[in-house]
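Just the heavy atoms: all of them, side chains too, but no hydrogens, waters or symmetry mates, feed the values below.
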Amino acid sequence: MADPKGFMTTPRQDWPRRPVEERVRDWDEVYVPGALLPIISKQADRCMDCGVPFCHEACPLGNLIPEWNDLVSREDWRAASDRLHATNNFPEFTGRLCPAPCEAGCVLAINQPAVTIKNVECAIADRAWEDGFVPPRPPDRLSGRTVAVVGSGPTGLAAAQQLTRAGHTVAVYEKDDRLGGLMRYGIPEFKMEKRHLERRIEQMRAEGTKFRTSTAVGRDVGAAELRARYDAVVIATGATAWRELPVPGRELSGIHQAMEYLPLSNRVREGDLAVSPMSAAGKHVVIVGGGDTGADCLGTAVREGAASVTQLDIYAQPGAERDEDAEPWPTYPKIYRLSAAHEEAGDLRTAPAADADARLFAASTLRFTGDGDGHVRSLHLVEVDAGRRPKPGTARALPVDLVLLALGFSGPDRADGLIDQLGLEMEPRGTITRDADFATNVPGVFVAGDAGRGQSLIVWAIAEGRAVAAAVDRHLTGSSRLPAPISPYDRPMAV
């Protein structure tokens, strides 16, 4: 512990964001470049080196947070990188994309602002790349065993890297033309620039992992053929079957799923398209859904030049402080949070009728109405109570040209035929059935990530990738020295 009184003498200071007026004109990451390193050592000093660090328990990866906080406070970046990478394959991803349940579990957060754990993690990862602390780590020898990983999101990439480093020959199959899954086409560039993804993929190539893009298992390659070709198969396709909104008028044109909209804007950034065919430019946009995907749509629509953008959240507006009775420390509380996209929308007043920033809280969609050409023109909504019952006299309509549905996902998409061709058993909630070793009912086939767990956070995805790699390694060799941070049945802390 470098400074025993650091948490008393140093106030919390987050990585500053660029001015709204500047950042909405481009697609670069929202943070001020280079502004994190000058402040991060003092921020790491705020860590109390707790005897029982609940940040460990709050993070499924088991990140050694007090250890690398102490090393950063002493500016020992190499050792900090070693400790961070001991539990997390891709800290530059989690440092940008994770909502940081570790900070909710920080002991300091009982009565003070938590340690900026997420910022410290990001600083270590970026410094590690800058100083060359993360070279490729190919195995010393090959095992002679082969593994196919289906899906190149965070779960698939983590599993592939762990298994490759264990000496197995691994091929990753990705149905899209580029690697990364939702990190590639679902996450906007302003949240994580794709150079971070490309850098890790090149590291994995150098370690020996093989990649097969534009290959949908079940359609381009038969699932049974793949199973026969490899000693083991890991299904890490994610939960991409989106939830629908079955209300009158849903058939009107101009109503799209968020994951139809976001990939097109990302393809513009990749240079595949000059302009997105679903561009929000000049349109009145309503986003149905109050989660992170909805916020990604919000930031994207603002940058595309929407005439207005409103986001509907069916839940009531949360308070600024934790409800100690309903969500006591160290659980992750539902509080009012201002993401970069919401800050932008609030400053630019994209939704003058909103309750806060661009959001209308406790709002439920009743129906859509359109014009004579069958295009959506109005979204009719009503305010609801805590039981989602309509409140009399609160119905109203919003003008709209583009509706984006961001209602979450129910499980893996079965359209490619992978699940049915293998004959995999399914859970009633739409995920793939698995046992305590991540194994499905088909011998040699394992499932990890959102395809088995259901929609979750990136830290859980990476933790599942690491854990399934240990299970596969054990299946192939009889034992494993790979870490397994979680079981398939572990869940986030809750009351």
Side-chain angles (χ1 to χ4, degrees), residues 56-57 59-64 82-91 94 134-173 200 203-211 226-237 422 424 432-453 456 458-491:
H56 282 194
E57 188 67 23
C59 177
L61 286 164
N63 281 332
L64 306 172
D82 289 344
R83 302 314 292 147
L84 178 56
H85 283 91
T87 58
N88 187 350
N89 296 70
F90 314 121
T94 54
V134 281
R137 290 171 46 198
D140 293 330
R141 60 178 182 175
L142 296 178
S143 67
R145 303 300 179 91
T146 59
V147 182
V149 175
V150 185
S152 67
T155 297
L157 292 180
Q161 185 166 64
Q162 293 293 96
L163 288 165
T164 296
R165 289 175 172 179
H168 306 302
T169 300
V170 181
V172 177
Y173 287 78
R200 278 296 178 185
Q203 179 197 48
M204 293 179 65
R205 289 188 198 276
E207 292 172 347
T209 303
K210 310 298 181 185
F211 295 99
L226 193 77
R227 176 65 194 93
R229 190 187 306 173
Y230 292 89
D231 296 313
V233 174
V234 176
I235 298 174
T237 54
L422 286 175
L424 298 176
I432 301 172
T433 300
R434 55 190 183 168
D435 64 16
D437 293 318
F438 296 88
T440 69
N441 60 298
V442 179
V445 178
F446 300 77
V447 64
D450 290 3
R453 174 172 292 274
S456 190
I458 187 170
V459 280
W460 284 91
I462 296 173
E464 289 237 349
R466 291 171 67 85
V468 76
V472 172
D473 187 38
R474 191 163 53 248
H475 168 75
L476 295 175
T477 66
S479 63
S480 180
R481 299 179 64 183
L482 294 176
I486 60 172
S487 83
Y489 310 127
D490 288 334
R491 292 295 180 267

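- Within 6.0 Å of atom CD in Glu57, 12 or fewer heavy atoms from other residues, nucleotides or ligands are found, so the atom counts as exposed in its surroundings.
- Between atom OG1 of residue Thr146 and atom NZ of residue Lys210 there is a gap of 13.0 Å, rounded to the nearest 0.5 Å.
- The CZ atom of Phe438 lies 13.5 Å from the CD1 atom of Ile432; values are rounded to the nearest 0.5 Å.
- Put simply, the side chain of Pro60 does not reach to within 4.5 Å of the side chain of Glu464, judged on heavy atoms.
- With hydrogens and angles disregarded, no donor-acceptor distance shorter than 3.5 Å links the side chain of Thr155 to the backbone of Gly465.
- Across all their heavy atoms, Pro139 and Gly167 have their closest contact at CB-CA, 3.7 Å.
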Practice prompt. Starting from the C-alpha separation in whole Å, work towards a yes-or-no answer on side chain to side chain contact (heavy atoms under 4.5 Å, CB included) for Arg453 and Arg491.
Written response: CA-CA 9 Å; Arg453 174 172 292 274; Arg491 292 295 180 267; 2.8 Å; yes

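- Sorted by first then second residue, the ring-ring contact (aromatic ring centres under 6.0 Å, His included) pairs that include residues 458-485, not counting sequence neighbours, are Phe446-His475.
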Item to complete: Begin with the C-alpha distance, continue with both residues' side-chain angles, and end with the deciding distance and a verdict on side chain to side chain contact (heavy atoms under 4.5 Å, CB included) for Leu424 and Asn441.
Response: CA-CA 6 Å; Leu424 298 176; Asn441 60 298; 4.1 Å; yes

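- Contact record, Ala470 with Leu482: CB-O, 3.6 Å, taken as the closest heavy-atom pair.
- Atom CG of residue Asp437 and atom OG of residue Ser487 lie 10.0 Å apart, to the nearest 0.5 angstrom.
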Practice prompt. Could you walk me through whether Ile235 and Leu422 pass the side chain to side chain contact (heavy atoms under 4.5 Å, CB included) test, one step at a time?
Written response: CA-CA 11 Å; Ile235 298 174; Leu422 286 175; 4.1 Å; yes

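- Between Leu64 and His56, the shortest heavy-atom contact is CA-NE2, 3.7 Å.
- Taking all atoms of both residues into account, the shortest heavy-atom contact from Ile462 to Leu61 is CG2-CD2, 3.7 Å.
- Closest approach of Tyr489 to Arg434, counting heavy atoms only: OH-O, 3.6 Å.
- In this structure the side chain of His168 reaches within 4.5 angstrom of the side chain of Leu476, judged on heavy atoms.
- Panel note: side chain Arg466, backbone Thr87; a donor-acceptor pair is recorded below 3.5 Å.
- Residues Ala463 and Pro485 come closest through the heavy atom pair O-CG, 3.6 Å.
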Practice prompt. Give the C-alpha distance, both sets of side-chain angles, the deciding distance and a yes or no for side chain to side chain contact (heavy atoms under 4.5 Å, CB included) between Gln161 and Thr209.
Written response: CA-CA 7 Å; Gln161 185 166 64; Thr209 303; 5.6 Å; no

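- For the pair Val170/Tyr230, no side-chain contact is recorded, criterion being any heavy-atom separation below 4.5 Å from C-beta on.
- In this structure, the side chain of Asp231 does not engage the main chain of Val147 through any donor-acceptor pair within 3.5 Å.
- Summarising the geometry, atom OH belonging to Tyr173 is positioned 5.0 Å from atom CG belonging to Leu226; distances are rounded to the nearest 0.5 Å.
- Put simply, the side chain of Glu207 never gets that close to the backbone of Thr164: no donor and acceptor are under 3.5 Å apart.
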